[in-house]
Amino acid sequence: MDRLRHFAKSMAHSEFHNDRGELRIYESVDELGTDLADYVAELSELSVKERGVFAVALSGGSLIDLLGKLCKAPYNRTIDWAKWYIFWADERVVAKNHADSNYKLAKDGVLSKVFILIPLFFFVYHYLLSRKGEAVVLIFFTDTRCRHKHARGTLLVFRQRMDLRKNVMTEHRYFVALLSFKTENAVMKREYLPSQKDEKERYHLAFSVYGYGEALSGQVRVFTEWLLNTRRAYTISFKLSQAPRTPNVPIVPSHVHSINDSVSAEEAADDYEFAIRQMVRTRLISVSDISDCPKFDLILLGMGSDGHIASLFPNHLVLDEKDQWVTYITDSPKPPPERITFTLPVINSASNVALVVTGENKAQAVHLAVDAVEPDCQSIPARMVQPTKGKLVWFLDRPAASKLNNSQLRN
Ligand SMILES: O=C1O[C@H](COP(=O)(O)O)[C@@H](O)[C@H](O)[C@H]1O
């Protein structure tokens with residue numbers, strides 16, 4: 001199976017190594033997205049095994065779309081999302097709900113598909129842990145205002161997450177059903193519930209969940225009690241506006257570290273560095289044994305057509321910053337002007353850095369960043385990404401690789 005996967009993977013892209021790291025070149029953006037998700041998932045697994053957590057820094061731009069496969073099967077089930085700590089390698093100093101915010105981009109593209117199930121999942125999971133050996137019924141309600149396929153998707157993911165925790169679940173008999181609140185549908189679907197009265201009585205708890213505002217939750221509870229013939233029903237309700245559009249995977253909201261958007265760029269950079277220092281102190285982020293810099297398990301970078309990475313632009317003074325971990329600029333050549341950014345020492349202290357670049361408009365910058373060319377290319381920020389001890393991997397599609405010197409890499 002593994003050999004097959006390896007074969008399939010090696011067919012999908014060409015892989016080369018030079019002193020600029022590992023270059024992976026893909027025939028299509030879709031293949032790139034699949035391999036990128038695989039790569040992130042493998043690093044996450046490794047890091048969770050070694051350190052118990054995975055500290056990852058994201059960028060904005062086209063990278064977020066390319067990370068989209070992480071929210072889909074199999075990664076939504078197999079990745080231990082609860083162990084992820086998420087940061088931004090750069091951020092625009094705008095409100096979190098502003099169209100230019102890198103946080104918003106990641107939230108809409110990836111993280112919003114991860115938030116909503118958390119309270120429910122962890123609540124139920126911890127409840128189950130405390131009721132060892134007892135039988136439990138979980139009922140997911142939906143109604144016509146909730147689109148059923150999404151409710152079913154959520155149910156499916158929930159069930160899979162529970163099944164993944166086999167060591168806990170073997171302690172229980174549990175049962176999951178999806179019902180519609182509309183009475184006629186509920187009656188129709190009663191076959192999903194334990195049928196015998198004595199069977200019913202063995203289930204002591206009902207969670208009725210999904211898509212309701214406060215006003216309806218009481219009715220749902222009464223209905224649940226009636227169905228289960230028990231007074232120990234428990235109801236959790238979500239407002240319809242919070243209903244997820246796709247099945248979710250659980251990232252813990254407090255593990256998502258976005259910038260303070262209500263202060264100046266300078267203060268936001270200081271605050272962000274302070275937050276990272278706290279995490280280094282508790283070793284949620286490792287520390288480099290060469291510098292005193294944080295050692296992220298993975299930093300994911302995009303690259304602009306001018307060769308900028310994070311918010312480090314060509315010929316900008318902050319490229320020389322050696323002391324700060326996070327710095328700020330107020331004169332970004334690409335709008336918006338105010339940004340915060342990881343500095344090069346932090347990027348180069350990471351255990352892994354991925355540079356993800358697609359499109360022909362970036363081919364010249366890729367050539368200048370990767371190939372051995374004239375000295376003035378030294379000022380291309382992407383060329384300055386040289387992890388001291390870590391590993392650098394370039395994910396390129398064919399058009400982005402089309403100006404590389406080595407003809408094997410171009411075709
Ligand atoms: O402004 C930025 O641009 C770069 C590159 O973006 P892309 O859309 O050309 O991929 C991005 O990596 C960075 O995070 C962002 O702030």
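When a ligand or atom number is given, it counts from 1 through the structure's own listing order.
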Applying salt bridge (charged side-chain N to carboxylate O under 4.0 Å, His left out) to Asp323 and not counting sequence neighbours gives none

Which of these, Phe395, Tyr26, Tyr75, sits in a ring-ring contact (aromatic ring centres under 6.0 Å, His included) with Tyr39? Phe395

Whether Tyr272 side chain and His257 backbone form a donor-acceptor pair below 3.5 Å: yes

Output yes when a side-chain donor or acceptor of Arg20 lies under 3.5 Å from a complementary backbone atom of Val385, and no otherwise. yes

Strictly by modelled atom types, are Trp325 and Thr343 linked by a side-chain donor-acceptor pair under 3.5 Å? no

Measure from every N or O atom of ligand 1 to the protein's N or O atoms and keep only the pairs below 3.5 Å, writing each with atom names and distance to 0.1 Å.
unit_1	atom_1	unit_2	atom_2	d
ligand 1	1 (O)	Arg92	NH2	2.8
ligand 1	1 (O)	Lys334	NZ	3.1
ligand 1	1 (O)	Arg339	NH1	3.1
ligand 1	1 (O)	Arg339	NH2	3.2
ligand 1	3 (O)	His308	NE2	3.0
ligand 1	3 (O)	Lys334	NZ	2.8
ligand 1	8 (O)	Ser62	N	3.0
ligand 1	9 (O)	Lys362	NZ	2.6
ligand 1	10 (O)	Ser62	N	3.1
ligand 1	10 (O)	Ser62	OG	2.5
ligand 1	10 (O)	Lys362	NZ	3.2
ligand 1	14 (O)	Gly60	N	2.7
ligand 1	14 (O)	Asp90	OD1	2.7
ligand 1	14 (O)	Asp90	OD2	3.4
ligand 1	16 (O)	Asp90	OD2	2.6
ligand 1	16 (O)	Arg92	NE	3.1
ligand 1	16 (O)	Asn102	ND2	3.3
ligand 1	16 (O)	Arg339	NH1	3.3

Is it possible for you to check whether Arg24 lies under 6.0 Å from the centre of the six-membered ring of Trp394, through NZ or CZ, and within 45° of that ring's axis? no

